[in-house]
Number of protein chains: 2
Amino acid sequence: MEKISETYEDGAEAALDASRVAQSVAHQLRRTHGQLVGRFLLYFSKVNLRPIEFGALALIAENPGRKQSQIAAALGIQRANFVALMNDLENRCLTERRSVPNDRRSHALYLTPTGESLLAEARRAEADFEADCLERLGGTRARDQFLVLLRRLFG
Amino acid sequence: MEKISETYEDGAEAALDASRVAQSVAHQLRRTHGQLVGRFLLYFSKVNLRPIEFGALALIAENPGRKQSQIAAALGIQRANFVALMNDLENRCLTERRSVPNDRRSHALYLTPTGESLLAEARRAEADFEADCLERLGGTRARDQFLVLLRRLFG
DNA sequence: TATTGTTATACTCTATAACTATA
DNA sequence: TATAGTTATAGAGTATAACAATA
């Protein structure tokens, strides 16, 4: 039987034991992911880009002319969900969809000059953000090891 | 100028270069998190528990009699969002809210016998899931290192 | 028949503000 | 005044099914 009134009633609360859940990969990854998204948004608030938007711009910049479905797949999202994202980026004049010769189903994706310059600014935010991660992780060796482990878990 | 028709039209598509985004901590963590949640749901489909539900049951089991806000804080979610979760667990007869002497605002949380036995089954699913992660990560040393790095990034 | 982009839909997760009853 | 639980709401993120145009 728990003696609630004796144990928890007076101001000095006993520390909550979260040791077991804290050793769970799933639990820790969930918590850290949430933290990191929030931190990302702080660093990227100036350029007003969400993680997935930055990913899309960066991928299109490095792979101009690709189809929507290709970029979506590389980002790991459904092509259906990529449509609204592209509409938004296009409305902000950051990207454009060009028609593809010999395949009138596809749209080839490109950055606009505005998109290029916003991406340049975003890359500076990314550098700051990644530097923050680097410092928290404890150096480049730890960071590289972390990326290796993430990819192992992903595959 | 990109030569789309020459580059991408014939069946053999050039591999998409995602090397730069793949080196981003934020991007890799996002992708891996998504993968892992899906994998978790597969392992936990038999007990029909989502990650956060399993976390709640485990925390309550190890800290019986705690207030909702304490468990919610330990899980890293808002107490407002914890209400529906507790309602659901209670409707499934897994947990119960007892009144607390000397503080009629609070609810003390406990597992029911049904909750205890489901948790026992869930712990077996968790063991399988964590064993899967362990294997992917490459052993206990890698897994422990991974947890250390996740916590460093979280703090 | 298969693929591309698209629409619609639904469900989860999270964040915030405000209410109530208590302290 | 502050706290615990609650309600309501809104915004992301993701998954699925279905459709039209095109291959």
Side-chain angles (χ1 to χ4, degrees), chain A residues 4-5 8-11 13 26-27 29-42 44 48-56 66-73 75-88 90 95 97-109, chain B residues 5 8-11 13 26-27 29-42 44 48-56 65-73 75-88 90 95 97-109:
Chain A
I4 300 167
S5 53
Y8 303 134
E9 75 172 355
D10 50 70
E13 286 175 352
H27 180 259
L29 197 63
R30 182 181 67 80
R31 303 262 348 228
T32 303
H33 175 254
Q35 279 262 128
L36 215 70
V37 168
R39 220 178 280 152
F40 184 101
L41 293 176
L42 286 180
F44 278 71
N48 194 29
L49 288 174
R50 290 170 293 143
I52 199 94
E53 293 171 335
F54 173 68
R66 292 310 186 101
K67 295 184 291 187
Q68 289 190 186
S69 44
Q70 289 179 310
I71 300 294
L75 287 170
I77 67 172
Q78 307 293 319
R79 69 187 198 281
N81 295 323
F82 192 59
V83 175
L85 184 61
M86 283 310 301
N87 289 343
D88 189 55
E90 209 167 50
T95 60
R97 290 183 252 224
R98 295 189 204 156
S99 58
V100 175
N102 303 328
D103 189 344
R104 293 196 300 175
R105 296 172 303 177
S106 303
H107 294 161
L109 302 181
Chain B
S5 52
Y8 303 133
E9 75 173 356
D10 50 72
E13 284 177 351
H27 180 260
L29 197 64
R30 181 181 68 80
R31 303 257 356 222
T32 302
H33 175 254
Q35 279 259 131
L36 215 69
V37 168
R39 222 177 278 152
F40 184 102
L41 293 177
L42 286 180
F44 279 71
N48 195 28
L49 288 175
R50 288 170 294 142
I52 199 96
E53 293 172 333
F54 172 69
R66 292 312 187 97
K67 295 184 292 187
Q68 289 191 186
S69 44
Q70 289 179 309
I71 300 294
L75 287 170
I77 67 171
Q78 306 293 317
R79 69 187 198 281
N81 296 323
F82 192 58
V83 175
L85 183 60
M86 283 310 302
N87 289 343
D88 190 56
E90 210 166 49
T95 60
R97 291 182 251 224
R98 296 188 203 156
S99 59
V100 175
N102 302 329
D103 189 345
R104 295 195 299 175
R105 296 172 302 178
S106 303
H107 294 162
L109 302 182

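Chain identifiers are assigned alphabetically (A, B, ...) following the order of the sequence lines, protein sequences preceding nucleic acid strands; residue numbering begins at 1 within each chain. Hydrogens, waters and symmetry mates play no part in the numbers below; they use all other heavy atoms, side chains included.
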Roughly how many Å is it from NE2 in B/His27 to P in D/dG13, rounded to a whole number?
13 Å

Could you please name the option among C/dT7, C/dG5, C/dT14 that lies closest to any side-chain atom of B/Ile77?
C/dT14

Round to a whole Å and report the spacing from CD of A/Gln70 to P of C/dT3.
14 Å

Does a side-chain N or O of B/Arg30 approach OP1 or OP2 of D/dT14 to a distance below 4.0 Å, or not?
yes

Between P on D/dA12 and CG on A/Leu85, what's the gap in Å once rounded to a whole number?
12 Å

Its contact letters, B for base, S for sugar-phosphate only and - for none at protein heavy atoms under 4.0 Å, make nucleotides 16-23 of chain D read BB---BBS

Check this one for me: any side-chain N or O of B/Ser69 less than 4.0 Å away from OP1 or OP2 of D/dG5?
yes

Expressed in angstrom and rounded to an integer, what is the separation of B/Arg98 atom CZ from D/dA4 atom P?
20 Å

Please state how far atom CZ in B/Arg31 lies from atom C1' in D/dG13, giving the value in whole angstrom units.
14 Å

Measure the CZ-CD1 distance between A/Phe82 and A/Ile77 for me, rounded to the nearest 0.5 Å.
6.0 Å

Rounded to the nearest 0.5 Å, what's the gap from CE on B/Met86 to CZ on B/Arg79? Could you check?
15.5 Å

Taking only side-chain N and O atoms of B/Arg97, does any of them lie within less than 4.0 angstrom of OP1 or OP2 on D/dT6?
yes

Spacing of B/Arg105 atom CZ and B/Ser69 atom OG [to the nearest 0.5 Å]:
9.0 Å

Nearest-Å distance, CG (B/Leu42) to C1' (D/dA15)?
14 Å

Between B/Arg30 and A/Ile52, does a side chain to side chain contact (heavy atoms under 4.5 Å, CB included) hold up when you go through it step by step?
CA-CA 9 Å; B/Arg30 181 181 68 80; A/Ile52 199 94; 3.3 Å; yes

If you measure from CG on B/Leu36 to NE2 on A/His33, what distance do you get to the nearest 0.5 Å?
11.5 Å

To the nearest angstrom, the CG-C1' distance between A/Leu41 and C/dA15 comes to 12 Å

Measuring from atom CD of A/Glu90 to atom OG1 of A/Thr95, what distance do you get when rounded to the nearest 0.5 angstrom?
5.5 Å

Quick note, A/Asn87 side chain, CB onward, closest among D/dA4, D/dT6, C/dT7 is C/dT7

Atom-pair distance (CZ on A/Phe82; P on D/dG13), nearest Å:
13 Å

Closest to the A/Arg50 side chain, choosing from C/dT14, C/dG5, D/dG13
D/dG13

CG/A/Asp88 to CD/A/Glu53 distance, rounded to the nearest 0.5 angstrom?
5.5 Å

